[in-house]
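Structure record follows, encoded as C-alpha cells.
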Protein chains: 2
Amino acid sequence: MTGRRNPGERRRRMIEAACELIPEVGVNGLTHRLVAARAGVPLGATTYYFASLDDLVAAALARAAEVTEEALRLWHEELGRSADVPATLAALTADYLRERDRMVTWNELYAAAAHRPELRPLARLWLDGLTRSLSGHAGARAARAAAVFVDGALLHSLINDEPLDTESLERSLAALLGMDAAMDTT
Amino acid sequence: MTGRRNPGERRRRMIEAACELIPEVGVNGLTHRLVAARAGVPLGATTYYFASLDDLVAAALARAAEVTEEALRLWHEELGRSADVPATLAALTADYLRERDRMVTWNELYAAAAHRPELRPLARLWLDGLTRSLSGHAGARAARAAAVFVDGALLHSLINDEPLDTESLERSLAALLGMDAAMDTT
DNA sequence: CGCGTAGTAGTACGTTTGTACATGTACGGA
DNA sequence: TCCGTACATGTACAAACGTACTACTACGCG
C-alpha cells in the first residue's frame, strides 16, 4: 500500500500496538520488544522513534486520551440534545461499561498518574471534561458529583462481573443531578 | 528482642516492606531485591519464604486487604451509632481521602485485579463491605450507589490535588441514600 | 546523475531481573 | 549430648531488559 518506507505510519503502528498491549500487560508491563513484535517492526525502530521507553508509554497514553476526548465530544452532543439528561447519561455510561479494554487502559493511566505527576493532567481529562459537559444541565457541585459517580461505576465494573444496571445508574444520576435544584450552585 | 531466629517476624517484616513499597513503585515495580533491602533481610530470605514473586505480591495485597477490613469495621460501627448517616459517611470519606498511600495501594490492587482474576475477590472486599454496611440504612440500590460514589471520590482524589470537600460529599450521599426512600428496594 | 540525509535492520553490551543452590548455623527432641 | 531439621545467607546463572551502535538502503535535492 504505502510501500516500505513510511515514517508516520510506522510511528502510528507502534503507538497503536502499545495501546493494544496496555490492557493486556499493563503500563509497567510494556517493553520495547513487546511493542516491536506486536507492531511488526524490528526492535531498533522503537528506539529510533522514541527517545526512551517512557516516551513511548507517554505517547500511547496520549493516544488513549485522544480516544477518550472523542468519546467526551460524543457524550457532550448527546447530552446537549437530550430531554432527559439522567436517562441519557445512564445509557451512555451503560454502553461504556461494556468496553472493558478502554476502562482498563484508563485505570492504568490513573495508577500511572498516581506515581508520575506529569501524567496527572492527562488523567484529569475525562473527569473534568465530563463535569464541564454536565455543568450545562446542573449546578457545579451536582455536575462534579455525577461525574465522580460515573467514574466510580466504571471502576466498579472492572472488578465485578455484573456491572451496575441501567436503572440503578439512572436513578442515582437523577438524584445527584437534581440534588441542589433550588439551591445555590457554588 | 526476639533473638535472631524468628520466622514469623521475618515473614511479617517482608510483607510490611512490600506494603510500604507498593505506593512508591507500584505492584509491578516490586522486586525481590527491593523488598529484601527495605525489610533488612538478605535476598535469599525472600525466596525462602515466598515460592515466587507473585506469592509475595499476593501476600502483601492480602495484608492491605486486612487493613481495609479493619477500616470497614470501624465505618460499620460509626455508621451504626450515627443519627445522620450521610453526614457521618461524608466525614469518614473526607478523612480517608487524606490517606493517600492507602488509596494508591487500593488502586494498585484494582489495576492488578483487572489483569489477574484471582485477585478480584480481594478487590471486591471494600465495595461489597461498604455496601453491606450501608444496607442497614438504605435500600439495596441506594447502598450500592453510595458505595460506588465513595469509591469514585477516592479515585478522584488520586488525580486531583483538591479532593471533594465534605459538603459536596454530604449532599451527594444524602441524595443517593435517600433516592428511593418511598420506593421498592430491589 | 550523484550525494547527503533520514529511515531500516540487526546485533551487541551492561544491568537487573527471578530463581536456584551450596554452605553455614541455631535449636528441639532423643 | 548429639543429630536432624528448619532457618540464614551469599553467590551464581540464565533470561530479559533498555539502549547504543554499525551497516545498509531508499529517497529528495542539487
Side-chain angles (χ1 to χ4, degrees), chain A residues 1-63 108 111-112 115-116 118-119, chain B residues 1-63 108 111-112 115-116 118-119:
Chain A
M1 190 64 59
T2 57
R4 302 282 310 295
R5 218 171 175 95
N6 196 337
E9 170 68 9
R10 266 168 93 95
R11 196 184 150 89
R12 220 186 45 73
R13 282 254 301 276
M14 285 187 276
I15 291 178
E16 194 188 339
C19 287
E20 268 181 49
L21 249 16
I22 286 177
E24 298 174 23
V25 299
V27 164
N28 288 348
L30 278 188
T31 68
H32 284 119
R33 288 165 174 85
L34 224 44
V35 172
R38 178 64 61 99
V41 301
L43 173 60
T46 59
T47 61
Y48 182 80
Y49 280 92
F50 302 93
S52 75
L53 184 58
D54 278 350
D55 278 22
L56 207 171
V57 169
L61 291 176
R63 171 65 193 144
E108 286 285 335
H115 300 291
R116 285 200 264 160
E118 73 271 18
L119 290 176
Chain B
M1 189 62 61
T2 57
R4 301 281 312 294
R5 220 172 173 92
N6 196 337
E9 170 67 10
R10 268 168 91 91
R11 195 185 151 89
R12 218 187 46 75
R13 282 255 301 276
M14 286 188 276
I15 291 178
E16 194 189 339
C19 287
E20 268 181 51
L21 249 15
I22 286 176
E24 299 174 22
V25 300
V27 164
N28 288 351
L30 278 188
T31 68
H32 284 119
R33 287 165 177 85
L34 224 45
V35 172
R38 179 63 64 99
V41 300
L43 173 60
T46 58
T47 61
Y48 182 78
Y49 281 93
F50 302 95
S52 76
L53 185 59
D54 279 351
D55 277 23
L56 207 170
V57 169
L61 291 176
R63 170 66 192 140
E108 286 284 336
H115 300 291
R116 286 199 265 158
E118 72 271 20
L119 290 175

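Labels below follow one simple rule: chain letters A, B, ... track the order of the sequence lines, proteins then strands, and each chain is numbered from 1. Because only heavy atoms are used, hydrogens play no part in the values below, and waters and symmetry mates are left out as well, while side chains stay in. Small disclaimer: the values here were computed from a predicted structure and weren't measured.
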Between A/Tyr48 and A/Gly44, name the one whose nearest nucleotide on DNA chain C is closer to the 5' end. A/Tyr48
Please report the distance, rounded to the nearest Å, between OH in A/Tyr49 and P in D/dT19. 18 Å
Contact class for A/Ala45 (heavy atom, under 4.0 Å): base, sugar-phosphate, or nothing? nothing
What's the closest nucleotide to the A/Thr31 side chain, out of D/dT11, C/dG7, D/dC17? D/dC17
A/Phe50 near the nucleic acid: base, sugar-phosphate alone, or nothing, with a heavy-atom cut-off under 4.0 Å? nothing
So which nucleotide from D/dT19, D/dG10, C/dT19 ends up closest to the side chain of B/Leu53? C/dT19
Note, A/Glu24 side chain near A/Leu34 side chain (heavy atom, < 4.5 Å): no
Could you tell me the separation between the OG1 atom of B/Thr31 and the CG atom of B/Leu21, rounded to the nearest 0.5 Å? 7.5 Å
Check whether the side chain of A/Arg33 and the base of D/dG18 form a donor-acceptor pair under 3.5 Å. yes
From CZ of A/Arg13 across to C1' of C/dG7 the rounded distance in Å is 15 Å
Determine the sole option in A/Arg63, A/Arg38, A/Arg13 for which the salt bridge (charged side-chain N to carboxylate O under 4.0 Å, His left out) test with A/Glu20 is passed. A/Arg38
Between C/dT17 (C1') and B/Leu43 (CG): distance, integer Å: 10 Å
Would one find a side-chain N or O of B/Arg10 under 4.0 angstrom from OP1 or OP2 of D/dT9? yes
Heavy-atom pair of closest approach, residues A/Glu108 and B/His115: OE2-NE2, 2.7 Å
Should A/Glu9 and A/Arg12 be marked as a salt bridge (charged side-chain N to carboxylate O under 4.0 Å, His left out) after you check the CA-CA gap, both sets of side-chain angles, and the distance that decides it? CA-CA 5 Å; A/Glu9 170 68 9; A/Arg12 220 186 45 73; 3.4 Å; yes
Rounded to the nearest angstrom, tell me the gap between atom CG in A/Asp54 and atom P in D/dC17. 16 Å
What's the CG-P distance between B/Asn6 and D/dA8, to the nearest Å? 8 Å
Whole-Å gap separating P (C/dA9) and CE (A/Met14): 11 Å
Scan B/Leu34 against the nucleic acid and name what it touches under 4.0 Å (heavy atoms): base, sugar-phosphate only, or nothing. nothing
Roughly, in whole Å, what's the span from CZ in B/Arg11 to P in D/dA6? 16 Å
Counting any heavy atom closer than 4.0 Å, what does A/Leu30 reach on the DNA or RNA strands: base, sugar-phosphate only, or nothing? sugar-phosphate
From the options C/dG10, C/dT19, D/dG18, select the nucleotide whose nearest atom is closest to the side chain of A/His32. D/dG18
